[in-house]
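Right, one structure below, let's go through it.
Residues: numbered from 1 along the sequence shown.
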Amino acid sequence: MSILKLKPSCKDYIWGGNRLREEYGIESEGDVLAEAWELSCHPDGPSMITNGKYEGKTLQQYIDAEGKEVLGTNCRRFRDFPILTKFIDAKDNLSIQVHPDNRYALKNEGQYGKTEMWYIMDAGEDAFLYYGFKKEITKEEFSRRIQEDTLLEVLNAVPVQKGDVLFIEAGTIHAIGKNILIAEIQQNSNVTYRVYDYGRVGKDGKKRDLHIEKALAVTNRVPIIKDKSSYPHVADCDYFTVDKLNLDGKVMKKMQGSVSEESFASILILDGEGVISDKDEVVTFKRGDSIFITAGSGEYTIEGSCDALITTIREKAAPVRVGISVSGHDTKIGLVDIHQKIIDVDILQTNTSITPEEFISEIGNSALELLEKNGIPMDQCVGVGIGIPGTIDRKKGIVRYSNNIKWENVPVAQLMGQILPVPIRIANDADCAALGETVAGAGRGYQDVIMLTLGTGVGGGVVIDGDIYEGRGVSGSELGHMVIIENGEQCTCGRRGCLEAYASKGALVRDAKKATGVDYTAEEIIEKAANGDADLQEIVNTYIRRLGTGIVNIVNILRPQMVLLGGSLSAQGEEFIKPLSEMLKNCFGGEKGEIPDIALAALRDTAGMIGAATLF
């Protein structure tokens, strides 16, 4: 099914009235009905489905059962369900309050901050609300006026009437005044910091808590310049886009819409009644109802006489991703734009002497500082990708085991998500490097790419159809651990004769030492061989033959379009390309088939960051 009718979660806050119950038919217990959370996956008040096979289930239970695809591709950037919609009946004044932004709220409250919009459904004579300050004030004055009960003197009182719209960005001090009925669309959050409450007491007879220190930390203390029109929308931001529907039942009796795979549609009925239908379903609605239409549902029709707000989630404007590449030596943190260009980079030493939790916190806070340094708000970041050496469970975001950094069963995505309020994805570091080269480096223009990283070990990544290939198991490809010589040299994995035991830097140094008795570096070996040293030429030729044997085996199995050589040895790898190209002619079918191209990786130290960012 695609059209879900929802029952709200109801709140009986002390300032509420009974108009939502009496005029909108919303059922609730308690003496007052202050808020009806019409579309909510928030644990403080989930909305329930009232039709179809999921009747009696929460909306979150439906999403968990059907998959996040029902929300649409534009919602992939959100860790949780993105919005919460509600009706608010303010019989009395609400407290003077402020909402934090994502970064502060996640760090201090464990949930998102709150940006919201208000649509005034009705307002009494002389009704007004508070919206920002009349003039700029200092933090000291703000604090003093709270203590002296003179804060209202510097707040901006805005008269309102039916049909008015206000956009309240996180950090804006505000309050709804009495005798106002509001439809609110907001981020999925329940974080509010009260700074003034008229001396009222709660149900327990005690004054309600204030949150002065937190409010002082997050409040924007300059006057708010009312946003320019969001035309053709009622409101439009990275969290939600809201449009107004009006059917008068006479001239305009019907509206046809379409729900694409990009976003679900939430329809909040402000007034009137009618039916909404698609090719399979017909659902009636009335004033006060909330309808959820799943992404990809296609065309639908609304008929009747009604006013409604339709909310969707649009594509992120100028998105930025964080790409993180962790190695045993250092950790690179990069900001990557939509063109796969790196905006800025920070490099940390990979500190294995502290706990994984401490190091992940250090990485996350460095990423936040990098965003701040470049003037990029957290809201512009759509995700964080992390490449980590070792056995990776991508689905659960867990590093099962990493010998390089001594981690075991570390829930990286969960831990990083406590610092950065965006989706977090992880993958093996070699896979990320291969993906980075495919989208932005030497493999650009190819869909099927194999990359071998030649360094301390022999890593590898497989990209098929433009995405990392991992198979159905937990770990990705381990191309360096195919046996090329039975009962050969001992490998780091415990077996004998692996490609890594013959094609790593250590293997090259080992074989040169056996032949010459000299402790050359890998770079010296390649350079001296190129300059005519006969003994080292033989060592390098043997190295290339063994590397080529592994590459031919891989090509025979996976049939890529491109083979790339990366890692620290690839800096001296020009001497490898010609003989390896000749060896590739020995692939099954030879020149009668399709022989892949072979080249050196181009991005070097940036491939892992770009590839990690491309996980989004």
Side-chain angles (χ1 to χ4, degrees), residues 325-329 387-392 399-405 427-438 443 448-464 468-471 473-511 522 526 539-540 542-558 560 562-573 576-577 580 583-584 587 596 598-601 604 607-608 611:
S325 179
V326 180
S327 74
H329 180 259
I388 305 173
T391 301
I392 309 299
V399 175
R400 294 296 184 193
Y401 178 71
S402 176
N403 181 60
N404 297 45
I405 55 177
N428 176 269
D429 61 334
D431 286 337
C432 287
L435 186 58
E437 286 287 347
T438 302
D448 302 327
V449 177
I450 303 297
M451 181 171 170
L452 286 173
T453 53
L454 310 175
T456 305
V458 175
V462 179
V463 175
I464 296 178
I468 294 171
Y469 172 76
E470 295 181 298
V474 169
S475 58
S477 305
E478 291 292 346
L479 303 181
H481 296 288
M482 70 171 71
V483 172
I484 61 169
I485 297 178
E486 187 178 4
N487 294 319
E489 294 285 350
Q490 183 76 46
C491 182
T492 57
C493 72
R495 302 172 71 199
R496 288 188 173 274
C498 291
L499 179 62
E500 181 169 298
Y502 291 96
S504 64
K505 288 177 70 173
L508 184 59
V509 169
R510 177 200 65 215
D511 291 345
I526 295 170
I539 296 298
V540 170
T542 301
Y543 173 91
I544 293 172
R545 287 196 305 272
R546 288 167 172 169
L547 174 60
T549 297
I551 293 174
V552 169
N553 288 341
I554 295 167
V555 169
N556 281 343
I557 296 169
L558 296 173
M562 166 69 82
V563 175
L564 294 175
L565 301 181
S568 55
L569 265 184
S570 68
Q572 288 78 36
F576 301 170
I577 297 301
L580 289 174
M583 290 190 71
L584 282 174
C587 292
I598 185 167
L600 298 179
R604 301 197 184 280

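T391 is not listed as a side-chain neighbour of V399, based on a closest heavy-atom distance of 4.5 Å or more. Between V326 and D429 the shortest side-chain heavy-atom distance does not fall below 4.5 Å. Counting heavy atoms from C-beta outward, M482 and N553 have side chains that approach closer than 4.5 Å. Annotation: side chain of P560 is not in contact with side chain of V449 (no heavy-atom distance under 4.5 Å). V462 places none of its side-chain heavy atoms less than 4.5 Å from the side chain of I468.
Formation of a donor-acceptor pair under 3.5 Å by the T453 side chain with backbone atoms of G459 is found in this model. Here the side chain of S325 pairs no donor or acceptor atom with the backbone of G387 at under 3.5 angstrom. Put simply, the side chain of N428 gets close to the backbone of G390: a donor and an acceptor are under 3.5 Å apart. Of the possible donor and acceptor atoms, one in the side chain of R496 sits under 3.5 Å from a partner among the backbone N and O of G488. Of the possible polar contacts, one joining the R495 side chain to the H481 backbone as a donor-acceptor pair under 3.5 Å is found. One N or O on the side chain of R510 and one on the backbone of A501 form a donor-acceptor pair closer than 3.5 Å. Of the possible polar contacts, none joining the E500 side chain to the S504 backbone as a donor-acceptor pair under 3.5 Å is found.
The two residues G566 and A601 come nearest to each other via the heavy atoms CA-CB, 3.9 Å. Counting all heavy atoms, side chain and backbone alike, C498 lies closest to C491 at CB-SG, 3.6 Å. Listed here is the closest heavy atom pair of M451 and L479: O-CD1, 4.2 Å. Counting all heavy atoms, side chain and backbone alike, I485 lies closest to R546 at CD1-NE, 3.7 Å. Closest heavy-atom contact between I405 and S327: CG2-O, 3.8 Å. In terms of heavy-atom proximity, L547 sits nearest to A503 at CD1-CB, 4.1 Å.
Distance check: I554 CD1 to I450 CD1 gives 6.5 Å after rounding to the nearest 0.5 Å. Atoms CD1 and CD1, on I551 and I544 in that order, are 10.0 Å from each other to the nearest 0.5 Å. The CG atom of D431 lies 12.5 Å from the CD1 atom of I388; values are rounded to the nearest 0.5 Å.
Remark: Y502 engages no residue in a ring pair (Phe, Tyr, Trp, His ring centres under 6.0 Å) (not counting sequence neighbours).
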Checking L569 against Y543 for the side-chain contact (heavy atoms from CB on, under 4.5 Å) test, could you report, in this order, the C-alpha distance in whole Å, the side-chain angles of both residues, the deciding distance, and whether it holds? CA-CA 12 Å; L569 265 184; Y543 173 91; 3.1 Å; yes

Candidate pair D448 and V463, rule side-chain contact (heavy atoms from CB on, under 4.5 Å), full reasoning: CA-CA 5 Å; D448 302 327; V463 175; over 6 Å; no

Can L564 and L452 be said to form a side-chain contact (heavy atoms from CB on, under 4.5 Å), step by step? CA-CA 6 Å; L564 294 175; L452 286 173; over 6 Å; no

Given the rule in the side-chain contact (heavy atoms from CB on, under 4.5 Å) test, do L435 and C432 qualify, once you have shown the distances and angles that lead to the verdict? CA-CA 5 Å; L435 186 58; C432 287; 5.6 Å; no

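A donor and an acceptor atom, one from each side chain of T542 and R545, are located under 3.5 Å apart.
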